[in-house]
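In what follows, a structure is listed as structure tokens, so that the remarks can point back to it.
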Amino acid sequence: MMGRKTLLALLACFMSSAAVADGDATTGKTVFARTCQNCHAAEIGVNKVGPSLWNVVGRVPASVPDFAYSDAMKANKDAWSATALDAYLADPRGDIHGVKMFFKGLPEPKDRADVIAYLQTLK
Ligand code: HEC
């Protein structure tokens, strides 16, 4: 078992920017179940309406094999850091990433921080 301190230290490493508030992965899991799970699986290799989000933090956008991404997502070359995820999830349809994710986003910064903390556990 990893101690809580070790886990927090690991999470801190992944948080590339202090602009994203510290999230709680346990709460994030419920946010995920409520708002993301209809379209995304947390398991590796399982694509639904959206691509699998297993190991998404740090990966290159549009890199899940066999998923038909939008051209806008394919053109996005910024790896999914916590900051990039925060911006995307705040307004998935409003920025450069195109409109394929028919999801209004998570307006609450706390919800975004929590779900990102949860995504960081998927590896
Ligand atoms: C209504 C379905 C739907 C919902 C709800 C949804 N997504 Fe998505 N998501 C998609 C689709 C479709 C794409 C592909 C977008 C594209 O190609 O432009 C996507 C793409 C993504 C990506 C980029 C993945 C990659 O491989 O580059 C991330 C990250 C993501 N979603 C996170 C989330 C999170 C976190 C939630 C919940 C807070 C969520 N999504 C809710 C459908 C959804």
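Indexing begins at 1, ligand by ligand and atom by atom, following the structure's order. Hydrogens, waters and symmetry mates play no part in the numbers below; they use all other heavy atoms, side chains included.
Those atoms of ligand 1 that come under 4.0 Å of a heavy atom in V49, given as number and element, are 12 (C). For ligand 1 and L53, the ligand atoms under 4.0 Å from any heavy atom of the residue are 28 (C), 29 (C), 30 (C), 32 (C), 33 (C). For ligand 1, the atoms lying closer than 4.0 Å to a non-hydrogen atom of L85 are 29 (C). Of all the atoms in ligand 1, the ones that sit under 4.0 Å from a non-hydrogen atom of Y88 are 20 (C), 21 (C), 22 (C), 28 (C), 30 (C), 31 (N). Set against the non-hydrogen atoms of A62, the atoms of ligand 1 under 4.0 Å away are 25 (C), 26 (O), 27 (O). Each of the following atoms of ligand 1 lies closer than 4.0 Å to a heavy atom of L106: 38 (C). Shown in contact with F67 at under 4.0 Å from a heavy atom are these atoms of ligand 1, numbered in order with element: 14 (C). Less than 4.0 angstrom separates some heavy atom of L89 from each of these atoms of ligand 1: 32 (C), 33 (C), 34 (C), 35 (C).
Linking ILVMFWY side-chain heavy atoms closer than 4.5 Å, directly or via other members, places W80 and F67 in a single hydrophobic cluster.
Heavy-atom minimum distance, A84 versus A79: CB-O, 3.8 Å. Minimum heavy-atom separation, P61 to K77: CD-C, 4.4 Å. Heavy atoms only, all atoms of each residue included: H40 and K48 are closest at C-CD, 3.7 Å. The minimum heavy-atom distance between A90 and R112, with the atom names listed, is N-CD, 3.5 Å.
Backbone and side-chain nitrogen or oxygen atoms of R59 are examined, and one is located within less than 3.5 angstrom of a nitrogen or oxygen of ligand 1. Inclusion of S70 in the set of residues having an N or O under 3.5 Å from an N or O of ligand 1 is warranted. Where the criterion is an N or O separation shorter than 3.5 Å, residue side chain and backbone included, W80 meets it with respect to ligand 1.
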Pairs under 3.5 angstrom only: tabulate donor-acceptor contacts from the side chains of residues 51-59 to other protein residues two or more places apart or in another chain.
{"from": "S52", "atom 1": "OG", "to": "E43", "atom 2": "O", "distance (Å)": "2.7"}
{"from": "S52", "atom 1": "OG", "to": "W54", "atom 2": "N", "distance (Å)": "3.1"}
{"from": "R59", "atom 1": "NH1", "to": "S52", "atom 2": "O", "distance (Å)": "3.4"}
{"from": "R59", "atom 1": "NH1", "to": "W54", "atom 2": "O", "distance (Å)": "2.9"}
{"from": "R59", "atom 1": "NH2", "to": "S52", "atom 2": "O", "distance (Å)": "2.8"}

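Within the set F32, Y118, Y69, W54, the minimum heavy-atom distance to atom 25 (C) of ligand 1 is found for Y69. Nearest to atom 38 (C) of ligand 1 by heavy atom, out of G28, G105, C36, is C36. Heavy-atom proximity to atom 40 (N) of ligand 1, evaluated over R34, H40, R112, is greatest for H40.
Looking at L89, V115, I116 one by one, the single match for side chain to side chain contact (heavy atoms under 4.5 Å, CB included) with V31 turns out to be V115.
Here the side chains of F32 and L119 are in contact, with some heavy-atom distance below 4.5 Å.
At a heavy-atom cutoff of 4.0 Å, ligand 1 is contacted by no atom of N38, backbone or side chain. With a heavy-atom cut-off of 4.0 Å, V31 does not touch ligand 1 at all. Using a 4.0 Å cut-off between heavy atoms, K74 makes no contact with ligand 1 at all.
Using a distance-only test at 3.5 Å, with no hydrogens or angles considered, a donor-acceptor pair links the side chain of Y69 to the main chain of V64.
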